[in-house]
Visitor: 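Structure in structure tokens, see below.
Per chain, numbering begins at 1; letters A, B, ... match sequence-line order.
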4 protein chains.
Amino acid sequence: MSKRDLIIAAAVKVFAEKGFCNSKVRDVAQQAGIADGTIYIYFKSKDDLLISLFETKMDHIYSHFVERLRPLKNPVEKLKVFLETYFNMIREDRELAEVFQVELRQSSKFLKDYHNQKFIDYLNIIGDVINEAKMQGFFRDELNTNFLKVFIFGAIDEMARQWILDREDKLDINLMAREAYDMILKGLVIP
Amino acid sequence: MSKRDLIIAAAVKVFAEKGFCNSKVRDVAQQAGIADGTIYIYFKSKDDLLISLFETKMDHIYSHFVERLRPLKNPVEKLKVFLETYFNMIREDRELAEVFQVELRQSSKFLKDYHNQKFIDYLNIIGDVINEAKMQGFFRDELNTNFLKVFIFGAIDEMARQWILDREDKLDINLMAREAYDMILKGLVIP
Amino acid sequence: MSKRDLIIAAAVKVFAEKGFCNSKVRDVAQQAGIADGTIYIYFKSKDDLLISLFETKMDHIYSHFVERLRPLKNPVEKLKVFLETYFNMIREDRELAEVFQVELRQSSKFLKDYHNQKFIDYLNIIGDVINEAKMQGFFRDELNTNFLKVFIFGAIDEMARQWILDREDKLDINLMAREAYDMILKGLVIP
Amino acid sequence: MSKRDLIIAAAVKVFAEKGFCNSKVRDVAQQAGIADGTIYIYFKSKDDLLISLFETKMDHIYSHFVERLRPLKNPVEKLKVFLETYFNMIREDRELAEVFQVELRQSSKFLKDYHNQKFIDYLNIIGDVINEAKMQGFFRDELNTNFLKVFIFGAIDEMARQWILDREDKLDINLMAREAYDMILKGLVIP
DNA sequence: AATGAATGAGATTTCATTCAT
DNA sequence: CATGAATGAAATCTCATTCAT
């Protein structure tokens, strides 16, 4: 692992635990087992470390989704794979998910001059899958596409957050993925 | 308005704009039109100001929900009123909603020794309405109650966030409330 | 003395002793008997402290020269009074003179966005006296006015520097002023 | 050019532009096209680089003056050649002159344990020429030798500085040398 | 000899908090 | 109660210097 990646990994761990604002550059350095100053060889500032963390990880996530979804044609299949992939990724790197859940949300507000294009691209993947499924007649025609997208994203994101913040490991994320899929497909209420 | 409330109102505005960590006590004082030191007459510390803000506002919100929901018997009616009340409150105080959306989420992480009971109580209102509806046979029996609650809460919360962050006022929050209700009741997919 | 002036006085002492670059903000604070942070209430940065020091002192110096020279008509008289005033001021505040001799010279080079107008105004006082004397036929007509001004300014400035840097107090500054006047008026060589 | 000389040349350029304190060792290394660490093979520290720069250059300057002045007997001739040599050297290496003008002046203040003997020797050359001329009856007998020396040195040094800092190249240094000679020999005022 | 990544001491600056008025 | 100047601990960031390669 390159030293840059080492620092990012340490930052994910530290930011996940204490939040970006409460983390000290020194915390990250200690977590990485390097000197404080070394971080400034690879990143211009603490803010730049967070942004770089976002962009680097987003690139991976984005590619991963694209790779998994590209071979699929059936929109229902895509939706299923999307949900699986989403929850799997959360499971594979819980700390990263924690940073994204909390810090990414407010990044646009607090990081000057940072227009979070990578995150927008990522959200569009989800949006595209849902849009596509809707256009192929899978979702109810009366629904506003934009609200539908937000509704689904919010629902699964909150489920993911529950698991992320569940420090006692009571929750089964695979089960959650299946339930989410079931709720989306079969609806919530008895018809 | 008492000076305490004045400070809380100023804090809501400032924290909404810049986030808690990036806000200075001086910013809040200036927004309130008072001296820095005055804040320390009413609050023990900056952290205490945030916690007090949460608790004070939570009390209002909690009472408001209880008041609206108490007279109702029909769980479907309750669900509808709950959604209406939820989106109305967001609309009535966008800045407060913004603070809650972002800061409340991470509050457990950086506020030492603060177990956010008021927020848990508030979530339980939502949970109770949903549980009640489920137990009365309104929601599908196969669904895990805990996941259902989280799914719905996440969905509407994300819709609310879209409106909160929509600086161009393109979105109609009343429409969003109706759509959310529709999605929950009629499901997303064509049966 | 205002706290601002107290800090400037401390800065003069510290900068004179160690030079601006080698002086720490903490040194100035300790010299002033205040906390480090207090300096930042009155000055934006260490650079700003130096610039403010220049401007504040320059204003005094400028006014002082103008006051002394205004009532005079005779250019020779002006020149004499100018020289007296110049050396007197150096004697009255040796440390300030030291800062000006060394730090002011390089300030334009190292302080970003600082065009040292006050120093230019001050130099013009000397220049004007010399120009005036020249135009009234006091100095030799063949001499280039600009070079003449620089020649005289350099000569007296170097004499002042000798005294400033003379830590053993062997030199008599009043005598130096008289000698300078004599050299200028009677020339250096035997006619 | 040896690597040591290469580094000194780079240092002259960098120090002239930004001043010693504001120059980073890295700047010098980049200017020289070498690695940071290489500088430490040839010089013990950043301070040592400045001192070595002074001493090396001083040796050249000293030898140069001695060489030019040794064959001459007539003190007036010596004075003339001295002035010519002085201004020529300034012209030949403007950046070096810039470093000497500013950094040499304050070197005693921030370089620990450095008694700048080479500079004193160099000043003595000027002093000796002037003293000699004075003793041979060229300068007025009433003048204090020490002040005379300082007066002349300051005058020509300031003239040199004007040219060094004249970024628009409006000044003619050869003309300045002649004028200085004229002012010294013929005096400033109309007899 | 040359490199340049890494170090870490130390500098500037910030800001929550106090307290004399 | 209210003020806001003052504090000083602590944070970010810099950079001269080292040393394994």
Visitor: Holding to side-chain contact (heavy atoms from CB on, under 4.5 Å), I want the full list of residues that pass it with A:Q117, two or more places apart in sequence or in another chain.
Guide: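 Listed in chain order: A:H115, A:I120, A:D121.
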Visitor: Can you build the contact string for nucleotides 13-19 of chain E? Use B for base contact, S for sugar-phosphate-only contact, and - for no protein heavy atom under 4.0 Å.
Guide: BBSSBB-
Visitor: Would you please enumerate the stems DNA chain F participates in, each stem being three or more consecutive Watson-Crick or G-U wobble pairs with both distances under 3.5 Å?
Guide: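 Output for stems: E:2-21 with F:2-21.
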Visitor: Against D:F15, only a single residue in D:F100, D:F20, D:F54 fulfils ring-ring contact (aromatic ring centres under 6.0 Å, His included); can you say which?
Guide: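 The residue from D:F100, D:F20, D:F54 that satisfies ring-ring contact (aromatic ring centres under 6.0 Å, His included) with D:F15 turns out to be D:F20.
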Visitor: Check step by step if ring pair (Phe, Tyr, Trp, His ring centres under 6.0 Å) holds for B:Y62 and B:Y122.
Guide: CA-CA 6 Å; B:Y62 188 83; B:Y122 157 72; 8.3 Å; no
Visitor: What closest approach, in Å, do C:E95 and C:A16 show between heavy atoms, and which atom pair accounts for it?
Guide: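 The pair with the smallest heavy-atom distance is O-CB, 3.5 Å.
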Visitor: Quick one: D:I39 CD1 to E:dG4 P, roughly how many Å, whole number?
Guide: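 Those two atoms, CD1 and P, are 13 Å apart.
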Visitor: In whole angstroms, how far is the C1' atom of E:dA11 from the CZ atom of C:F20?
Guide: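 One finds 12 Å between C1' of E:dA11 and CZ of C:F20, rounded.
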Visitor: Restricting to non-hydrogen atoms, name the atom on A:A97 and the atom on A:I164 that form the minimum distance, rounded to 0.1 Å.
Guide: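 Scanning both residues, the minimum pair turns out to be CB-CD1, 3.5 Å.
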Visitor: Mind checking if B:F43 touches a base, just sugar-phosphate, or nothing, with heavy atoms under 4.0 Å?
Guide: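 No contact.
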Visitor: Would the number of heavy atoms belonging to other residues, nucleotides or ligands and lying under 6.0 Å from NZ of D:K13 be above 12?
Guide: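 Check fails, neighbour count at 12 or below.
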Visitor: Distance check needed: E:dA20 C1' versus C:K3 NZ, whole Å only.
Guide: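 It works out to 12 Å between those atoms.
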Visitor: Counting the atoms with a prime plus P, OP1 and OP2 as sugar-phosphate, which does D:I34 contact under 4.0 Å by heavy atoms, base, sugar-phosphate, or nothing?
Guide: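 D:I34: backbone/sugar contact only, no base atoms under 4.0 Å.
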Visitor: Using whole Å, report how far CG of A:L49 lies from P of F:dA11.
Guide: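 Between P of F:dA11 and CG of A:L49: 16 Å.
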Visitor: Expressed in angstrom and rounded to an integer, what is the separation of C:R4 atom CZ from F:dA5 atom C1'?
Guide: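 The distance from CZ of C:R4 to C1' of F:dA5 comes to 16 Å, rounded to the nearest Å.
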Visitor: Which of these nucleotides, E:dG8, E:dA2, E:dA6, is closest to any side-chain atom of A:A35?
Guide: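 Comparing E:dG8, E:dA2, E:dA6 against the side chain of A:A35, the answer is E:dG8.
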Visitor: Please indicate whether C:R26 has more than 12 foreign heavy atoms, meaning atoms of other residues, nucleotides or ligands, lying under 6.0 Å from its CZ.
Guide: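 At most 12 heavy atoms, drawn from other residues, nucleotides or ligands, come within 6.0 Å of this atom.
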Visitor: In whole Å, I'd like the distance from the CG atom of C:D27 to the P atom of E:dG10.
Guide: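 The answer, rounded to whole Å, is 13 Å.
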Visitor: Whole angstrom is fine here: how far is it from CD1 in D:I41 over to P in F:dA16?
Guide: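 To the nearest whole Å, that distance equals 17 Å.
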Visitor: Is the shortest heavy-atom distance from the side chain of B:L96 to the side chain of B:L53 under 4.5 Å?
Guide: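 The answer is yes; the side chains approach within 4.5 Å.
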Visitor: Do C:R4 and C:S52 have side-chain N/O donor and acceptor atoms under 3.5 Å apart?
Guide: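 The criterion, which ignores hydrogens and geometry beyond distance, is not satisfied for C:S52 and C:R4.
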